[in-house]
Amino acid sequence: NAGVTQTPKFRILKIGQSMTLQCAQDMNHNYMYWYRQDPGMGLKLIYYSVGAGITDKGEVPNGYNVSRSTTEDFPLRLELAAPSQTSVYFCASGRQSTDTQYFGPGTRLTVL
Amino acid sequence: KQEVTQIPAALSVPEGENLVLNCSFTDSAIYNLQWFRQDPGKGLTSLLLIQSSQREQTSGRLNASLDKSSGRSTLYIAASQPGDSATYLCAVRVQTGANNLFFGTGTRLTVIP
């Protein structure tokens with residue numbers, strides 16, 4: 001099993017550009033999550049999904065969108081990138097809401 | 001809202017020393033608490049998960065304790081090795097909802113050979 005995979009590993013965007021961060025898991029987990037980690041800070045939840053077709057906002061959803069058309073994939077869309085979105089983005093998945101979450105390697109995004 | 005704090009932010013110890021990392025949380029109504037390890041440029045790896053009804057969990061040289069009433073957890077690492085150098089994150093899971101995992105800011109551990 002590959003676990004949770006994320007692409008790209010690194011990306012530099014200009015202000016106002018858009019991009020999609022890809023996340024996939026092959027563990028057949030219902031729950032998937034997107035977090036951001038700013039320097040010296042804990043992880044903050046952006047969006048989460050409890051199954052295909054169902055998504056909901058986390059603590060810091062502004063400026064982002066998600067979709068969950070399949071169990072495996074949970075892409076995160078950034079529209080009109082801003083410097084405040086410079087961060088490391090982690091995708092995670094879990095079997096149930098109370099189970100261990102398995103994390104991807106992260107995407108380091110810089111917005112200039 | 002649950003707040004999770006980890007002190008110190010950074011710690012350096014010589015190889016072979018035993019050490020303790022601290023985690024505190026503001027709301028004792030938790031479901032479980034988890035310790036993660038994060039290596040530079042990598043994702044998080046789960047180390048230990050303690051259910052709210054448990055007092056401690058052990059895995060190899062790692063021992064995590066939980067005192068829910070006082071809002072504290074510790075991660076004890078015995079006979080530290082340079083390979084233990086990483087950032088250690090504590091995360092608290094509250095009892096309801098899928099939006100339920102709250103992370104501390106981490107302790108960056110350096111074990112000096």
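Order of the sequence lines fixes the chain letters, A, B, ..., with proteins taken first and strands second; residue numbering starts at 1 for each chain.
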**ring pair (Phe, Tyr, Trp, His ring centres under 6.0 Å) partner of B/F103, chosen from A/F90, A/Y35, A/Y33** = A/Y35
Does [X] belong to the same Ile/Leu/Val/Met/Phe/Trp/Tyr cluster as [Y], with side-chain heavy atoms less than 4.5 Å apart forming each link?
X      : Y     : value
A/V60  : A/Y89 : yes
B/L62  : B/W35 : yes
B/Y88  : B/V13 : yes
A/F103 : A/V4  : no
B/L21  : B/I50 : yes

At what distance, to the nearest 0.5 angstrom, does [atom1] of [X] lie from [atom2] of [Y]?
X      : Y     : atom1 : atom2 : answer
B/T105 : A/D38 : OG1   : CG    : 12.5 Å
A/L43  : B/L44 : CG    : CG    : 6.0 Å
B/F102 : A/K44 : CZ    : NZ    : 9.0 Å
A/Y102 : B/S46 : OH    : OG    : 7.5 Å

**Request:** Count the heavy-atom pairs under 4.5 Å between each of B/Q6, B/R108, B/K42 and chain A, then report the option with the highest count.
**Result:** B/K42
**Message:** Within the 4.5 Å heavy-atom criterion, are A/Q37 and B/Q38 side-chain neighbours or not?
**Reply:**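 Yes, their side chains come closer than 4.5 Å.
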**Prompt:** Does B/N100 use its side chain to pair, donor to acceptor, with the backbone of A/T98 at less than 3.5 Å?
**Reply:** no
**Asked** Is a side-chain donor or acceptor of B/R93 paired with a backbone partner of A/S97 at a separation under 3.5 angstrom?
**Response** yes
**Prompt:** In terms of heavy-atom contacts, does CE of A/M41 have more than 12 from other residues, nucleotides or ligands at under 6.0 Å?
**Reply:** no
**Message:** Go through it in stages, so that I can follow the logic: the residues are B/K1 and A/E59, the test is side-chain contact (heavy atoms from CB on, under 4.5 Å), and I'd like the CA-CA distance, side-chain angles, deciding distance and then a yes or no.
**Reply:** CA-CA 11 Å; B/K1 180 191 163 189; A/E59 187 179 356; 2.6 Å; yes
**Request:** Identify which part of A/N30 has an atom lying under 4.5 Å from any heavy atom of chain B, answering side chain, backbone, both or neither.
**Result:**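 Contact with chain B involves no heavy atom of A/N30 at all.
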